[in-house]
2 protein chains.
Amino acid sequence: MSNKHALKQYDIKKYRTPDGYTSDICVFTIIAEKNEAYKPPTMDLKIMLIKRAALDSEGNMNIEANKWAIPGGFVQDDETGFQAAKRELEEETNISGIHIKQFGVYDKPGRDPRGWIISNAHYAIVPDTYLSLRKAQDDAADIELFSIKDVMDLELAFDHKQIIADAIQVITNDLLQTTVAKNFLPDNFTYSELQAVLKTVTNDPAILSDQSFSRKIKSLPFIQEVQGKTTTRTSKRATKLYTFIEMDVIKPIYTARY
Amino acid sequence: MSNKHALKQYDIKKYRTPDGYTSDICVFTIIAEKNEAYKPPTMDLKIMLIKRAALDSEGNMNIEANKWAIPGGFVQDDETGFQAAKRELEEETNISGIHIKQFGVYDKPGRDPRGWIISNAHYAIVPDTYLSLRKAQDDAADIELFSIKDVMDLELAFDHKQIIADAIQVITNDLLQTTVAKNFLPDNFTYSELQAVLKTVTNDPAILSDQSFSRKIKSLPFIQEVQGKTTTRTSKRATKLYTFIEMDVIKPIYTARY
DNA sequence: TTTATAATTAACAAAATGTTTATTGTTAAT
DNA sequence: ATTAACAATAAACATTTTGTTAATTATAAA
């Protein structure tokens with residue numbers, strides 16, 4: 001078998017090559033909904049979509065026109081899909097340091113009517129302020145934030161419905177099982193701000209309960225209390241601030257409580 | 001920006017296309033090392049590698065010759081990378097129903113000297129019996145199982161060292177945070193068999209302790225005791241058997257104990 | 001001055017875990 | 001036939017953690 005394998009690998013021209021390689025990005029942001037003074041925030045997880053134009057630059061009917069789609073573009077031959085995602089997103093938002101993670105490949109034959117096009121899919125976490133700003137600047141008819149509760153009801157281009165469904169699943173897992181939530185928060189945050197982020201993706205009673213969560217946060221090894229600094233963002237009373245510690249955390253499902 | 005985006009997507013011929021799209025597979029198996037009668041097994045997580053031939057089918061020097069590599073091959077234009085992985089693996093092992101999961105894309109320019117080749121990487125879980133058999137059948141000089149503790153010391157082809165390192169990280173996470181361990185086990189297994197699988201990737205004391213683990217397994221919602229059936233595989237005394245229940249499990253790191 | 005309210009602490013019962021010590025059932029050795 | 005060995009459990013109990021409810025604190029706003 002390994003000879004067969006070697007043969008296959010060698011004879012490169014035998015194989016048809018893809019017609020394109022794109023990098024696509026599910027851009028998530030969390031907006032604070034009822035952000036009243038001295039109140040803990042209520043948050044909602046949103047995804048940014050762009051509306052495909054009716055006509056292309058040459059005045060012809062555009063493919064998948066008027067449908068909502070995730071942003072993306074072709075990967076250049078001097079960059080990785082990850083770098084392409086980063087480049088495109090930084091062009092889009094004018095900010096750097098965005099958290100991006102690759103989560104899937106979409107390559108089903110026929111997924112794009114223009115040819116055999118491989119999509120390398122990423123998700124990105126963008127602080128709310130940037131996207132709200134961006135939307136205000138542009139005329140913005142073609143860019144919109146959708147709640148993850150609503151987005152599956154839209155008519156979406158290509159196989160983007162599947163990509164988005166997968167992205168929501170992955171970011172939900174990551175928010176709960178990694179420290180990626182830090183990318184939705186300021187460096188120093190209150191327990192209720194972290195709690196609000198987690199509440200966008202879980203109903204776990206231990207996270208929903210203020211008393212339990214504010215007690216628990218003190219014993220988490222990947223979170224540290226910031227000494228001598230408080231805020232009144234969420235309460236009239238000065239509130240303790242916390243910060244994430246860089247650390248890999250893996251907790252087996254076999255040792256958890258049910 | 002969305003116009004720029006639409007333009008980019010339309011003008012497909014402007015972009016260089018990849019020279020190839022491959023599907024590569026890190027094949028993991030767990031072999032029971034000291035499998036004495038009436039003893040709980042001691043297991044070791046292994047990865048299957050193939051040795052690249054010195055010469056190709058035309059008698060020329062092969063690229064990356066004599067180095068160890070993960071199996072893989074080109075994706076055909078009528079299949080997905082996932083299907084290609086499945087096809088290649090089934091050709092290889094002659095078994096079906098293998099658990100396969102996509103975990104990464106490797107597309108760094110220059111990663112393959114033959115051109116711009118995108119690798120879609122998967123990991124597969126194969127029961128030990130099959131691979132041992134296979135190895136015995138072939139002359140098998142070119143196929144070998146390496147312990148994940150040793151594999152990083154080998155000279156590996158292309159960027160396979162990175163791919164393997166990532167695969168080990170991913171399967172470690174998955175073994176602990178999902179029910180994927182079931183693919184290493186018979187349908188009905190004892191607590192010590194499951195424990196042996198988990199011990200290949202963790203030192204968590206709650207998993208290492210026989211008493212704790214055998215007590216805990218009864219309360220896990222995704223594992224069920226098999227009524228009226230026992231085995232003496234691991235002990236002289238008849239031992240209870242368990243089975244996995246199909247179920248998604250997510251346990252937040254924010255509610256775990258530390 | 002009072003009210004309202006977010007954050008936090010206190011208190012305590014209930015549940016889970018760590019740990020040590022028995023018990024059980026069976027094979028293999030004497 | 002008896003006994004030693006041993007994996008799998010169960011039992012017991014101290015310790016830790018959690019769920020829950022109630023109090024306390026601090027401060028803006030009425």
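Sequence lines set the chain letters: A, B, ... in the order given, protein chains first and strands last, and positions in each chain run from 1.
Atom NZ of A:K229 is surrounded by 12 or fewer heavy atoms from other residues, nucleotides or ligands within 6.0 Å. For B:D153, the CG atom is densely surrounded, since the number of other residues' heavy atoms within 6.0 Å is greater than 12. Within a 6.0 Å sphere centred on CG of A:D150, heavy atoms belonging to other residues, nucleotides or ligands number more than 12.
At D:dT18, one or more side-chain N or O atoms of A:K216 fall inside 4.0 Å of OP1 or OP2 (strictly under the cut-off). When the side-chain nitrogen and oxygen atoms of B:S212 are compared with OP1 and OP2 of C:dG18, one or more of them lie within a distance under 4.0 Å. A close approach under 4.0 Å does not occur between any side-chain nitrogen or oxygen of A:K218 and OP1 or OP2 of C:dT8.
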Which donor-acceptor pairs under 3.5 Å do the side chains of residues 192-201 of chain A make with protein atoms, sequence neighbours left out?
unit_1, atom_1, unit_2, atom_2, d
A:S192, OG, A:T190, OG1, 3.1
A:E193, OE1, A:T190, N, 2.9
A:E193, OE1, A:R233, NH2, 2.9
A:E193, OE2, A:R233, NE, 2.7
A:E193, OE2, A:R233, NH2, 3.4
A:Q195, NE2, A:I207, O, 2.9
A:Q195, NE2, A:L208, O, 3.3
A:Q195, NE2, A:D210, OD1, 3.1
A:T200, OG1, A:V197, O, 2.6

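The residue among B:T239 and A:R215 whose nearest nucleotide of DNA chain D is located toward the 5' end is B:T239. Nearer the 5' end of DNA chain D, as judged by each residue's closest nucleotide, is the contact made by B:K240, out of A:S209 and B:K240.
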Salt bridge (Lys or Arg N to Asp or Glu O under 4.0 Å) between B:D44 and B:K149: does it pass, once the steps are laid out? CA-CA 9 Å; B:D44 193 23; B:K149 290 170 198 80; 3.2 Å; yes
Using the rule given for side chain to side chain donor-acceptor pair (under 3.5 Å), can you reason through B:Y242 versus B:K218, listing the C-alpha separation, both sets of side-chain angles and the distance that settles it, and then say yes or no? CA-CA 9 Å; B:Y242 298 89; B:K218 292 189 211 317; 3.2 Å; yes
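The CG atom of B:D204 sits 12 Å away from the P atom of C:dT17 (whole-angstrom rounding). Going from atom CZ of B:F213 over to atom P of D:dA10 covers 15 Å, rounded to whole Å. The separation between A:D210 atom CG and D:dA23 atom P is 18 Å, rounded to whole Å. In this structure, B:E36 atom CD and D:dA7 atom C1' are separated by 13 Å, rounded to whole Å. In this structure, CD of B:E225 is placed 11 Å from C1' of D:dT9, rounded to the nearest angstrom. Atom-to-atom, CG of A:L241 to P of C:dA6 comes out at 18 Å; the value is rounded to the nearest Å. Here the P atom of nucleotide D:dA28 and the CZ atom of A:R233 are 16 Å apart, to the nearest Å.
Across D:dT9, C:dA7, D:dT18, the shortest atom-to-atom separation from the side chain of A:Y191 is found for C:dA7. In the set D:dA8, D:dC6, D:dG19, D:dC6 carries the atom at the smallest distance from any side-chain atom of B:K39.
Applying the side chain to side chain donor-acceptor pair (under 3.5 Å) criterion to B:N188, with sequence neighbours excluded, gives no partner residue. Residues passing the side chain to side chain donor-acceptor pair (under 3.5 Å) test with B:K39, sequence neighbours excluded: none.
Classification of the A:F222-B:Y258 ring pair by plane angle, with boundaries at 30° and 60°, yields perpendicular. Using cut-offs of 30° and 60° for the angle between ring planes, the A:Y123 and A:H99 rings count as tilted.
Looking at B:Q224, B:E225, B:K182 one by one, the single match for side chain to side chain contact (heavy atoms under 4.5 Å, CB included) with B:T243 turns out to be B:Q224.
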Which nucleotides of DNA chain C pair, in dot-bracket form (Watson-Crick or G-U under 3.5 Å, | meaning another strand): ||||||||||||||||||||||||||||||
Between the protein and nucleotides 22-30 of chain C, list the N/O to N/O atom pairs that are separated by less than 3.5 angstrom.
unit_1, atom_1, unit_2, atom_2, d
C:dT24, O2, B:R237, NH1, 2.6

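Using a 4.0 Å cutoff on non-hydrogen atoms, the parts of residues 248-258 of chain A near DNA chain D are A:R257, ordered by number.
For the residue pair B:Y106 / B:D166, a side-chain donor-acceptor distance below 3.5 Å is found, with atom types taken as modelled.
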